[in-house]
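Inspection log for the structure reproduced underneath, given as C-alpha cells.
The model shown is predicted, which means the values in this text are computed figures rather than measured ones. In each ligand, atom 1 is the first atom listed, and ligand 1 is the first ligand listed.
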Amino acid sequence: MKILVAVKRAIDYNVKARPKSDGSGVELANVKMSMNPFDEIAIEEAIRLQEAGKAQEILAVSIGSAQCQETLRTAMAMGADRGILVQTDEEVQPLAVAKLLQALVNKEQPGLVILGKQAIDDDSNQTGQMLAGLLGWAQGTFAAKLDVQSETLEVKREVDGGLQTLSLKLPAVVTADLRLNEPRYVKLPNIMKAKKKPLDIVTPSELGVDISPRLKLVKAAEPAARAGGVKVADVQELVAKLRNEAKVI
Ligand code: AMP
C-alpha cells in the first residue's frame, strides 16, 4: 500500500502570530516557518505503518511556494520516500487544497491518505473532510490510534466524551490528532539522505485544478486584551463577587 501524506508549511508553533498592521492577514514576513505540527504526526504514523510492513511507499505532498520544498525535505528526512510540491504563490484555501490532493490521489492511487487534523495557521479543520467527500472515501478524523488490516482500517477517534472506534473500508482518509504518536527527531545523516530523494514539482494548472479563492478574509485582529485580575480577601468576598458582579452563581 502507498500512503500519501499532506504536509503544510505553516507559521512555527513557537511563534506568536500577529496580524498585519492593515488587518489584511497574519504577518508572515521574517517569521519562522515549519511543518504544521499535526502533519509531523501524520508523517510519523505513515513511517510507523511502513516499519510495521503495512505500507510500501510514503509520498509527502505540499502545496504552496517554492519554500515548501524545505517542508518536504523534512518529511523525507523523517522517512517519507519522495515528495511532490504543487507550486503556487497564490493563496490556496482548504477546498482548493482538497481538489489538488484529489487530483494527486487519482494519479498516485494511494490506499491511505493521512493529513493533520488542522493547520495551526488558519485553524480551518476542513481539508481532510473535504478530500474524503470529493473522493467518496471513508474518513476517520481526529485519529488517536490506527490499526490497518488488509482491507479495513480501525480508527480510534478523539471525541468529546472519550474515544470512538470506527471501522473504515480502505482506501480511506485519516486526519491525525495530537495523541496519535510522538514524532521522531530528524537525525543529521537522514537530512543528508533526504537531499537525494526524488522531489517533483507540478503546478495547479498542470493538475487541471482552479484554485481561485472562494472565501474573502475580512479582517485579522489581535484578540481583546485580557482585563487584569482582582485579589479577594476571603471566600465570602469571592462568593459575593461571583454572585453579584460576575452573576455566575
Ligand atoms: P486545514 O483544513 O487548513 O486546517 O488543514 C488540515 C490539513 O490539511 C493540514 O494539517 C495538512 O495535512 C493539510 N493541508 C492543508 N493545507 C495544505 C497545504 N497547503 N499543503 C499541504 N497540506 C495541506
Problem - Stepwise salt bridge (Lys or Arg N to Asp or Glu O under 4.0 Å) test for Asp122 and Lys8 - result: CA-CA 11 Å; Asp122 58 21; Lys8 184 175 188 182; 3.3 Å; yes
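For residues 83-101, the side chain to side chain donor-acceptor pair (under 3.5 Å) pairs, not counting sequence neighbours, are Glu91-Gln93.
Remark: the Asn36 side chain and the Gln118 side chain contain no N/O donor-acceptor pair separated by less than 3.5 Å.
Side-chain N or O atoms of Glu237 include one that pairs as donor or acceptor with a backbone N or O of Ala233 at under 3.5 Å. When atom types are taken as modelled, the side chain of Arg9 and the backbone of Ser65 share no donor-acceptor pair closer than 3.5 angstrom.
Salt-bridge check for Arg184 with Glu44: passed, with a basic side-chain N closer than 4.0 Å to an acidic carboxylate O.
Sorted by chain and number, the residues within 4.0 Å of ligand 1 by heavy atom are Ala6, Val7, Lys8, Asn36, Asp39, Val61, Ser62, Ile63, Val97, Leu115, Gly116, Gln118, Ala119, Asp122, Ser124, Asn125, Gln126, Thr127.
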